[in-house]
2 protein chains.
Amino acid sequence: MPKITFFNLPEDKRENLVHAAKKEFARVPLYQASISNIIKDAKIPRGSFYQYFDDKEDAFFYLLNSHVSAYKMYFLETLQKNNGDIFDAMIDFYTAIITEERENLQFLRNLFLNMTHRIENVMARSFGENDLNENFRKISNLINKERLNMQDEQELFHMMQIISSVTFHNIVKKFAGELPFDEAVHNYSTEIYLLKKGFASI
Amino acid sequence: MPKITFFNLPEDKRENLVHAAKKEFARVPLYQASISNIIKDAKIPRGSFYQYFDDKEDAFFYLLNSHVSAYKMYFLETLQKNNGDIFDAMIDFYTAIITEERENLQFLRNLFLNMTHRIENVMARSFGENDLNENFRKISNLINKERLNMQDEQELFHMMQIISSVTFHNIVKKFAGELPFDEAVHNYSTEIYLLKKGFASI
DNA sequence: ATTGACGTGTGACACGATGTCATATACAAT
DNA sequence: ATTGTATATGACATCGTGTCACACGTCAAT
């Protein structure tokens, strides 16, 4: 977490710094980003940066968290809009991610192509994974389970794990392969379809 | 790829260097590894390192590739041993990965907890993903398709994509969560079972 | 008005890591 | 011996990080 001094900053100065950081993390992934670039761009002295953040990662995860919070809300809305159909909702959500604009897109690209477990964890936490935690319950309640083959909450949990693995992987593929939009959506839809249908007659 | 001089090295010196590198990459993930540590451990001067490798990554991917080649062979054997049952084979394979020993285990741990797309690509290439390439065909030929619901090679390809996404993710979870062996296998088996069964009545 | 306490701003600096380069060395071929 | 080619070496320039001693500004107490 950023230090108190960061939040005490006058709004314009803070936003300026945030923008500089975002720009750097859109340019290159976390481990290649340089504080020097951020402070040069934000026109603040080196010492000040460390007045606000512990280090590079601190700034990065601050940005990441705000992104994730936004997506989390968007996901819940999408799920409702699709009347609890998790599969249709996922496809909507997937297309939204890969349709992001410029700087956001670059940020996401660097994010997904360099998806460390630590980063994935931050994302998944809000996406309803991890434990049978509050987030998972919130999502679980919105899901229409009528046509689902899930026996209990455990299975539902694992189903969500699988769906998110597959979704992450498809996003990575899209960003890495520079696939055209249509092809990316088609691939993802195919995989979602296969997940619904199942792989084998048991 | 390492330079020719590396391969021209007398075997003992080369193995010594390889071992030092392996040790460093078992200690910390790629982006935190330091060449200084490797050369100190291998007792070679700095300049020599650059005689053999382009940089840190070059050394890392050399090691990674040899690991991957071994696993690739092991996977094919496992698939045969299970008479083409891809699901049982995956569970065998999964348990083999998480049962690795000491230095290998640490290397794998750092690998999976910091799975960049570039790294994943190297791994997946040999695991039969990516294109409908030679590797995929080799695996495809070994798979018993009798009880599979796959309509064509395309669907089979996507099925393999999904399986590998889920497998990767389970390995990461295991390494990150320090799950006990039994629990990890149980989780993975559940997810494989759900994949076979399918999520929904369409 | 002066003092002191506190939060904040600043940039010089020590440290450590990287990649290069000029020079040294080994060894083979003539 | 001489020349050529491949390899070895470590000092060095460069760059990025995190720290620290000091400067500054504000505000409340005197």
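Because only heavy atoms are used, hydrogens play no part in the values below, and waters and symmetry mates are left out as well, while side chains stay in. A, B, ... follow the sequence lines: proteins, then strands. Residue 1 opens every chain.
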Just to be sure I understand the rule, does [X] reach a base, reach only the sugar-phosphate, or reach nothing, if contact means heavy atoms closer than 4.0 Å?
X	value
A/K13	sugar-phosphate
B/F49	nothing
B/F6	nothing

Report yes if some heavy atom in the side chain of A/I139 is under 4.5 Å from a heavy atom in the side chain of A/F75; otherwise report no.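 Side-chain contact under 4.5 Å: yes.
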NZ (A/K40) with more than 12 external heavy atoms under 6.0 Å: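 For A/K40, atom NZ is not crowded (no more than 12 foreign heavy atoms under 6.0 Å).
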Please find the earliest and latest nucleotides of DNA chain D, in the 5' to 3' direction, that have an atom within less than 4.0 Å of any heavy atom of chain B.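 With heavy atoms of chain B under 4.0 Å away, the range is D/dT7 to D/dG10.
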Return a table of donor-acceptor pairs under 3.5 angstrom between the side chains of residues 26-33 of chain B and protein atoms on other chains or two or more places apart.
residue : atom : partner : partner atom : Å
B/R27   : NE   : B/E24   : OE1          : 3.0
B/R27   : NH2  : B/E24   : OE2          : 2.8

Using the test salt bridge (Lys or Arg N to Asp or Glu O under 4.0 Å), find all partners of B/R14 that sit at least two apart in sequence or belong to another chain.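 Applying salt bridge (Lys or Arg N to Asp or Glu O under 4.0 Å) to B/R14 gives none.
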Show which side-chain atoms of residues 91-99 of chain A pair as donor or acceptor with protein atoms under 3.5 Å away, not counting sequence neighbours.
residue : atom : partner : partner atom : Å
A/D92   : OD2  : A/N82   : ND2          : 3.2
A/Y94   : OH   : A/N170  : O            : 3.4
A/T95   : OG1  : A/I91   : O            : 3.4
A/T95   : OG1  : A/D92   : O            : 2.7
A/T99   : OG1  : A/T95   : O            : 2.2

Figure out the CD1/P separation between A/I44 and C/dT8, and round it to whole Å.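 One finds 14 Å between P of C/dT8 and CD1 of A/I44, rounded.
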Do the side chain of A/T116 and the main chain of A/I119 share a donor and acceptor less than 3.5 angstrom apart?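 Not a single qualifying donor-acceptor pair exists.
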Generate the contact string for nucleotides 11-29 of chain C. Rules: B means base contact, S means sugar-phosphate contact only, - means no protein heavy atom under 4.0 Å. B-----SBBB---------
Could you measure the distance from the CG atom of A/N114 to the CE atom of B/M115? Nearest 0.5 Å is fine.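 Reported value, rounded in 0.5 Å steps: 12.5 Å.
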Report the residues that fulfil side chain to side chain contact (heavy atoms under 4.5 Å, CB included) with A/K145, sequence neighbours left out, ordered by chain and then residue number.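 Residues passing side chain to side chain contact (heavy atoms under 4.5 Å, CB included) with A/K145: A/S140, A/I143, A/L148, A/E153, A/L156.
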